[in-house]
**Student:** 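Questions regarding the structure given below will be posed in turn.
Only heavy atoms go into these numbers, but all of them, side chains included; no hydrogens, no water, no symmetry mates. In what follows, every chain begins at residue 1, and chains take the letters A, B, ... in the order their sequences are listed.
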2 protein chains.
Amino acid sequence: MRTIDPEKHRQRRMRIVEAAVALFAEKGLAATSTADICRAAGISTGNLFHYFASKQEVFHGIFELDRDEWDHHFAAAAADPDPWHALTVVIDRVAADTAHPVVAGLLVEMVAQSHRDPVTARLVAEGDARMVRGIGALVRRMVEAGTADPGMAAEEAARWVLTLVESFYGRGYPEPGRDRAADVATVKLLVARVLRYRGPGPQEDPDDAHT
Amino acid sequence: MRTIDPEKHRQRRMRIVEAAVALFAEKGLAATSTADICRAAGISTGNLFHYFASKQEVFHGIFELDRDEWDHHFAAAAADPDPWHALTVVIDRVAADTAHPVVAGLLVEMVAQSHRDPVTARLVAEGDARMVRGIGALVRRMVEAGTADPGMAAEEAARWVLTLVESFYGRGYPEPGRDRAADVATVKLLVARVLRYRGPGPQEDPDDAHT
DNA sequence: GTCTATATAACGATAGAC
DNA sequence: GTCTATCGTTATATAGAC
């Protein structure tokens with residue numbers, strides 16, 4: 001067999017993508033040069049184009065990194081007997097991921113590119129659909145168990161949960177007064193309110209009875 | 001007096017900024033050339049630099065367009081005797097603004113730039129602070145009137161309201177199944193839940209009593 | 001104040017040696 | 001497969017005519 005390496009080629013590609021991630025996050029797609037990427041990846045200037053036809057293709061490769069990871073997470077969530085607990089684990093994970101400025105910067109760049117590049121738009125749409133599907137399955141289980149009553153379709157409710165969770169992306173400016181752990185707790189509280197969750201678990205403040 | 005035109009100069013600047021808005025929204029800051037902006041503004045290639053020292057400065061000029069407008073809106077909101085009604089007007093306004101793809105594209109570009117340019121970060125922070133202050137004042141009035149009980153400080157609650165409202169920015173991909181009018185209604189519903197609003201007005205579904 | 005012309009540098013992508 | 005060299009283009013910003 002002469003066909004040399006279907007796997008090694010893929011690994012080389014991913015190595016370039018991983019080197020590009022930090023640059024795209026810091027400077028954006030347009031302001032990052034292919035020479036920058038090659039330098040960060042430890043390859044020579046033009047060698048990138050043996051693995052990708054264009055700079056955009058490198059950017060699109062980023063989405064593959066996310067995909068397998070979240071498929072795995074939602075498989076674990078489906079195996080969790082308590083759907084509310086599984087949802088809090090998902091929220092914690094997004095919060096932990098976006099605590100890295102690189103991830104936060106990359107996510108806003110992805111969304112910005114989604115507004116102008118159809119391929120990126122499709123990849124973002126697929127990523128969102130995966131999140132909505134995964135969260136929606138958890139919401140459905142809560143509704144069927146009678147612990148939540150969002151008053152709308154499960155996947156519709158999941159989209160609004162995702163909106164609250166996306167507040168972790170941040171706005172790019174420092175917010176010294178904010179405590180991330182407190183924000184995570186608040187998101188869980190507000191998600192419970194949005195889903196009208198009333199099952200077991202820390203869904204509302206102890207001093208809930210007001211006047 | 002020889003000093004010719006403090007006002008005409010300002011108008012010329014704003015004309016250039018307005019021409020640049022659509023380009024920044026469509027292609028992003030880095031991918032938009034100053035020659036593009038000059039062509040759109042109807043001036044010759046280098047003439048832009050008589051009004052702005054750099055392309056970034058043109059981008060920063062965009063924020064001035066927003067500022068006066070929202071100061072005006074929140075002054076009107078403060079004069080509204082019903083704070084919940086005033087809040088729904090604010091929500092309607094953001095929804096209407098972001099219905100334009102240009103505005104939506106521009107907002108995500110602003111947030112993306114905020115992650116890498118300190119000046120933009122400050123301008124975005126000031127804009128957010130203005131929104132939080134305005135919405136927070138309305139929340140405080142509801143709390144004092146006893147019609148809302150968010151269980152947190154008014155400006156903290158306002159930040160979460162803003163998070164829900166920002167879902168109107170969109171994600172850049174078409175969502176054919178979505179109805180914008182329905183989304184606006186849902187945001188108002190969820191804002192009511194987040195604030196635990198129980199005053200007069202359409203704050204919850206008629207079929208609220210579940211089982 | 002507005003124009004044309006251009007300095008200087010860097011870009012993405014390709015070609016061909018090894 | 002990886003390298004060096006480079007093509008052709010385009011960028012921001014400036015200089016100087018009018």
Side-chain angles (χ1 to χ4, degrees), chain A residues 1-62 109 112-113 116-120, chain B residues 1-62 109 112-113 116-120:
Chain A
M1 314 305 183
R2 271 291 198 69
T3 51
I4 358 172
D5 41 30
E7 178 58 25
K8 188 157 193 173
H9 193 261
R10 204 192 66 86
Q11 285 183 350
R12 278 300 228 178
R13 278 175 62 102
M14 280 302 124
R15 173 154 157 59
I16 294 172
V17 169
E18 282 163 18
V21 160
L23 296 167
F24 288 149
E26 188 188 334
K27 310 199 289 181
L29 171 61
T32 300
S33 73
T34 57
D36 282 339
I37 299 170
C38 291
R39 202 175 309 118
I43 59 177
S44 67
T45 312
N47 197 11
L48 182 150
F49 294 96
H50 279 270
Y51 296 94
F52 299 93
S54 68
K55 188 170 65 169
Q56 281 76 15
E57 222 172 75
V58 179
F59 189 75
H60 299 152
I62 297 173
E109 179 67 15
Q113 282 300 318
R116 42 189 98 113
D117 167 36
V119 177
T120 302
Chain B
M1 315 304 185
R2 270 291 196 71
T3 52
I4 356 173
D5 39 32
E7 177 57 26
K8 188 159 192 173
H9 193 261
R10 204 193 66 87
Q11 285 183 350
R12 277 302 228 178
R13 276 175 63 101
M14 280 303 122
R15 173 155 157 58
I16 293 172
V17 169
E18 282 164 17
V21 159
L23 294 167
F24 288 148
E26 186 188 335
K27 309 198 289 180
L29 172 62
T32 300
S33 73
T34 57
D36 283 338
I37 299 171
C38 290
R39 201 175 309 118
I43 58 177
S44 68
T45 312
N47 198 12
L48 182 150
F49 295 96
H50 279 271
Y51 296 94
F52 299 92
S54 68
K55 188 171 66 171
Q56 280 75 17
E57 221 172 75
V58 179
F59 189 75
H60 299 152
I62 296 173
E109 179 67 14
Q113 281 301 316
R116 41 188 98 114
D117 167 36
V119 177
T120 302

**Student:** Can you figure out which of C/dC11, D/dT12, C/dA13 approaches the side chain of B/Ser33 most closely?
**Tutor:** D/dT12

**Student:** Remember a base hit wins even if backbone is also touched, and classify A/Ser44 as base, sugar-phosphate or nothing at under 4.0 Å, heavy atoms.
**Tutor:** base

**Student:** To the nearest angstrom, how far is A/Gln56 atom CD from C/dA13 atom C1'?
**Tutor:** 12 Å

**Student:** I need the CG-C1' distance between A/Asp36 and C/dC11, as an integer number of Å.
**Tutor:** 11 Å

**Student:** Can you tell me the distance, in whole Å, between the CG atom of B/Asn47 and the P atom of D/dC18?
**Tutor:** 18 Å

**Student:** Quickly work out the B/His9 NE2 to C/dG1 P distance and round it to whole Å.
**Tutor:**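 Atom NE2 in B/His9 sits about 6 Å away from atom P in C/dG1.
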
**Student:** If I take atom CZ in residue A/Phe52 and atom C1' in nucleotide C/dG12, what distance separates them, rounded to the nearest angstrom?
**Tutor:** 16 Å

**Student:** Between B/Tyr51 and B/Val58, does a side chain to side chain contact (heavy atoms under 4.5 Å, CB included) hold up when you go through it step by step?
**Tutor:** CA-CA 9 Å; B/Tyr51 296 94; B/Val58 179; over 6 Å; no

**Student:** Which part of the nucleic acid does B/Tyr51 contact within heavy-atom distance under 4.0 Å: base, sugar-phosphate only, or nothing?
**Tutor:**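 Touches sugar-phosphate only.
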
**Student:** Are B/Thr34 and D/dT12 close enough that a side-chain N or O sits under 4.0 Å from OP1 or OP2?
**Tutor:** yes

**Student:** Between D/dA13 atom P and B/Glu57 atom CD, what is the distance in whole Å?
**Tutor:** 10 Å

**Student:** Tell me the interatomic distance from A/Ile16, atom CD1, to C/dA13, atom P, rounded to whole angstroms.
**Tutor:**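 Result: 14 Å.
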
**Student:** Grab the CD1-P distance between A/Ile43 and C/dA13 for me, whole Å please.
**Tutor:**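 It is 14 Å, rounded to the nearest whole Å.
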
**Student:** Is it true that B/Glu7 and B/Arg10 have a side-chain N and a carboxylate O under 4.0 angstrom from each other?
**Tutor:**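 Counted as a salt bridge, because a side-chain N and a carboxylate O are separated by less than 4.0 Å.
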
**Student:** Using modelled atom types only, decide if a donor and an acceptor are shared between the side chain of B/Thr120 and the backbone of B/Gln113 within a distance under 3.5 Å.
**Tutor:** no

**Student:** Reckon B/Leu48 touches a base, only the sugar-phosphate, or nothing at all at heavy-atom distances under 4.0 Å?
**Tutor:**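 No contact.
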
**Student:** Can you check whether B/Phe52's main-chain N or O pairs, donor with acceptor, with B/Arg13's side chain at less than 3.5 Å?
**Tutor:**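 Flag not set: sc B/Arg13 to bb B/Phe52 has no pair under 3.5 Å.
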
**Student:** Report the residue (A/Ala31 or A/Gly46) whose heavy-atom-nearest nucleotide on DNA chain C is the more 5′ of the two.
**Tutor:** A/Ala31

**Student:** Choosing from D/dT12, D/dA13, D/dC3, which nucleotide comes nearest the side chain of B/Lys55?
**Tutor:**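 The answer is D/dT12, which lies nearest to the side chain.
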
**Student:** Is a side-chain N or O of A/Lys55 found less than 3.5 angstrom from the main chain of A/Leu29, in a donor-acceptor match?
**Tutor:** yes

**Student:** Does B/Arg12 put a side-chain nitrogen or oxygen below 4.0 Å from OP1 or OP2 of C/dG1?
**Tutor:**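 Checking C/dG1 against B/Arg12, no side-chain N or O comes under 4.0 Å of OP1 or OP2.
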
